[in-house]
**Q** 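This is the structure I have questions about; it appears just below.
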Amino acid sequence: MDDEQIVAAYLRTRDPELFGILVERHQARVFRLVAALLGPFADTDAQEVTQEVLLRAHDRLASFRGEARFTSWLYRLAYNRTLEHRRRARLRLPHVTADALAERETARGPFEEAAERERQLRVGRLLEGLPDVYRSVVYLHYWLDATVDEIAELLVVPAGTVKSYLSRARARLRTRAKQAGIEGVE
């Protein structure tokens, strides 16, 4: 059965196994979208938001009218919920620094390590300054290695639009990096 048939059967019978099939099919992709929107070092939040999205999907399944594919409806729900979470999270301070999470062994000296960490933080701030949709495609493409077609499906936009978003995001990052004196941002 396809997703739409499963939704219709679930709404008729309320058989939890049917909804479980939908969860199994889409949980990993919803997580991937949420993680890309939240950015690096937010895996715990991404898991939490993914669960919230799946619960909301269950609660709102009757509102799915079948005008679009179920995946489009679900991914739009995930996208909107994640942006809502990001807006709320901006009001809180993180309890663990990005530096603490990014610790790794290296042969570089302390000066080089400090310079690289500073560069990463500055690039991270540049990414955070991008509009949500640009930041999302950058994280999906470069951080999660998603293809343009996968991103298009997750964001429910044409592949050409994703390419345009990536191009615009890179151009903005290059410009802002140059203004901030950060070298090597391509």
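We use all heavy atoms of the structure for the numbers below, so side chains are in, but hydrogens, waters and symmetry mates are not.
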**Q** I'd like to know if Glu84 pairs up with Arg81 as an ion pair, taking the criterion as any Lys NZ or Arg NE/NH1/NH2 lying under 4.0 Å from an Asp or Glu carboxylate oxygen.
**A**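 A salt bridge is present here (some side-chain N lies under 4.0 Å from a carboxylate O).
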**Q** Any sub-3.5 Å donor-acceptor pair from Glu24's side-chain atoms to Ile21's backbone N or O?
**A**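 It does not hold such a pair.
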**Q** So which atom in Val138 and which in Ala169 form the shortest heavy-atom distance, rounded to 0.1 Å?
**A**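 Nearest heavy atoms, Val138 then Ala169: CG2-CB, 3.5 Å.
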**Q** Where is the tightest heavy-atom contact between Phe31 and Ala46, given as atom of each residue plus distance?
**A**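 Minimum heavy-atom contact is CE1-CB, 3.4 Å.
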**Q** Taking atom CG of Leu37 and atom CZ of Arg32, what is their separation to the nearest 0.5 Å?
**A**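 If I round to the nearest 0.5 Å, the distance is 12.5 Å.
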**Q** Contact between Gln51 and Arg56 at the side-chain level, heavy atoms closer than 4.5 Å - yes or no?
**A**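 No, side chains not in contact.
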**Q** Give, for atom CZ of Arg76 and atom OG1 of Thr71, the distance between the pair rounded to the nearest 0.5 Å.
**A** 12.0 Å
**Q** Shared ILVMFWY cluster between Phe64 and Leu55, side chains joined below 4.5 angstrom?
**A** no
**Q** Any side-chain heavy atom of Thr50 within less than 4.5 Å of one from Leu54?
**A**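 Heavy-atom side-chain distance check passes, below 4.5 Å.
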**Q** Looking at every heavy atom in both Leu166 and Val137, which two are closest together, and how far apart are they?
**A** CD2-O, 3.8 Å
**Q** Which pair of heavy atoms, one from Ala57 and one from Leu74, lies closest together, and at what distance?
**A** CB-CD1, 3.7 Å
**Q** Could you tell me whether the side chain of Met1 reaches within less than 4.5 Å of the side chain of Leu18, counting heavy atoms only?
**A** yes
**Q** I'd like to know if the side chain of Thr13 and the backbone of Ala9 have a donor-acceptor N/O pair within less than 3.5 Å.
**A** yes
**Q** CG/Leu38 to CG/Asp43 distance, rounded to the nearest 0.5 angstrom?
**A**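 Leu38 atom CG to Asp43 atom CG measures 9.5 Å (nearest 0.5 Å).
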**Q** Counting only N and O atoms by type, is there a donor-acceptor contact under 3.5 Å from the side chain of Ser164 to the main-chain atoms of Gly160?
**A** no
**Q** Are the side chains of Leu61 and Trp73 in contact, using a 4.5 Å heavy-atom criterion?
**A**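 In contact.
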**Q** Starting at CD1 of Ile6, measure out to CG of Leu22 and round the result to the nearest 0.5 Å.
**A**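 So the gap between those two atoms works out to 5.0 Å.
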**Q** Salt bridge or not for Glu4 and Arg65, using N-O below 4.0 Å?
**A**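 A salt bridge is absent here (no side-chain N lies under 4.0 Å from a carboxylate O).
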**Q** Do Arg168's NZ or CZ and the ring of Tyr165 fall within the cation-pi criteria of under 6.0 Å and 45°?
**A** no
**Q** Salt-bridge test for Arg135 and Asp132: reply yes if a basic N is under 4.0 Å from a carboxylate O, no otherwise.
**A** yes
**Q** Going through the distances and angles, do Arg86 and Glu128 end up as a side chain to side chain contact (heavy atoms under 4.5 Å, CB included)?
**A** CA-CA 11 Å; Arg86 277 185 56 83; Glu128 288 301 313; 2.8 Å; yes
**Q** Distance check, rounded to the nearest 0.5 Å: Ser136 atom OG versus Leu130 atom CG?
**A**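 Ser136 atom OG to Leu130 atom CG measures 9.5 Å (nearest 0.5 Å).
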**Q** Look at the rings of Phe19 and Tyr10 and say which category their plane angle falls in: under 30° parallel, 30 to 60° tilted, over 60° perpendicular.
**A**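 Tilted, since the angle between the ring planes falls between 30° and 60°.
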**Q** Which pair of non-hydrogen atoms, one from Ala159 and one from Val148, has the smallest distance, and what is that distance?
**A**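 Minimum heavy-atom separation between Ala159 and Val148: O-CG1, 3.5 Å.
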**Q** Return yes if some donor-acceptor pair links the side-chain N/O of Ser72 with the main-chain N/O of Ala68 below 3.5 Å, else return no.
**A**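 Not at all, since once roles are kept as given, no pair shorter than 3.5 Å links the two residues.
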**Q** Flag the pair Val133 / Tyr79 as yes when at least one side-chain heavy-atom distance between them is below 4.5 Å, and no otherwise.
**A** yes
**Q** To the nearest 0.5 Å, what is the distance between OG1 (Thr82) and CD (Glu52)?
**A**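 Thr82 OG1 to Glu52 CD: 9.0 Å, rounded to 0.5 Å.
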**Q** In the structure I gave you, are the side-chain heavy atoms of Tyr75 and Arg69 within less than 4.5 Å of one another anywhere?
**A** no
**Q** Taking all non-hydrogen atoms of both residues, which atom of Arg25 and which atom of Asp2 are closest, and how far apart?
**A** NH1-C, 3.7 Å
**Q** Does a side-chain heavy-atom distance below 4.5 Å link Gln5 with Phe70?
**A** no
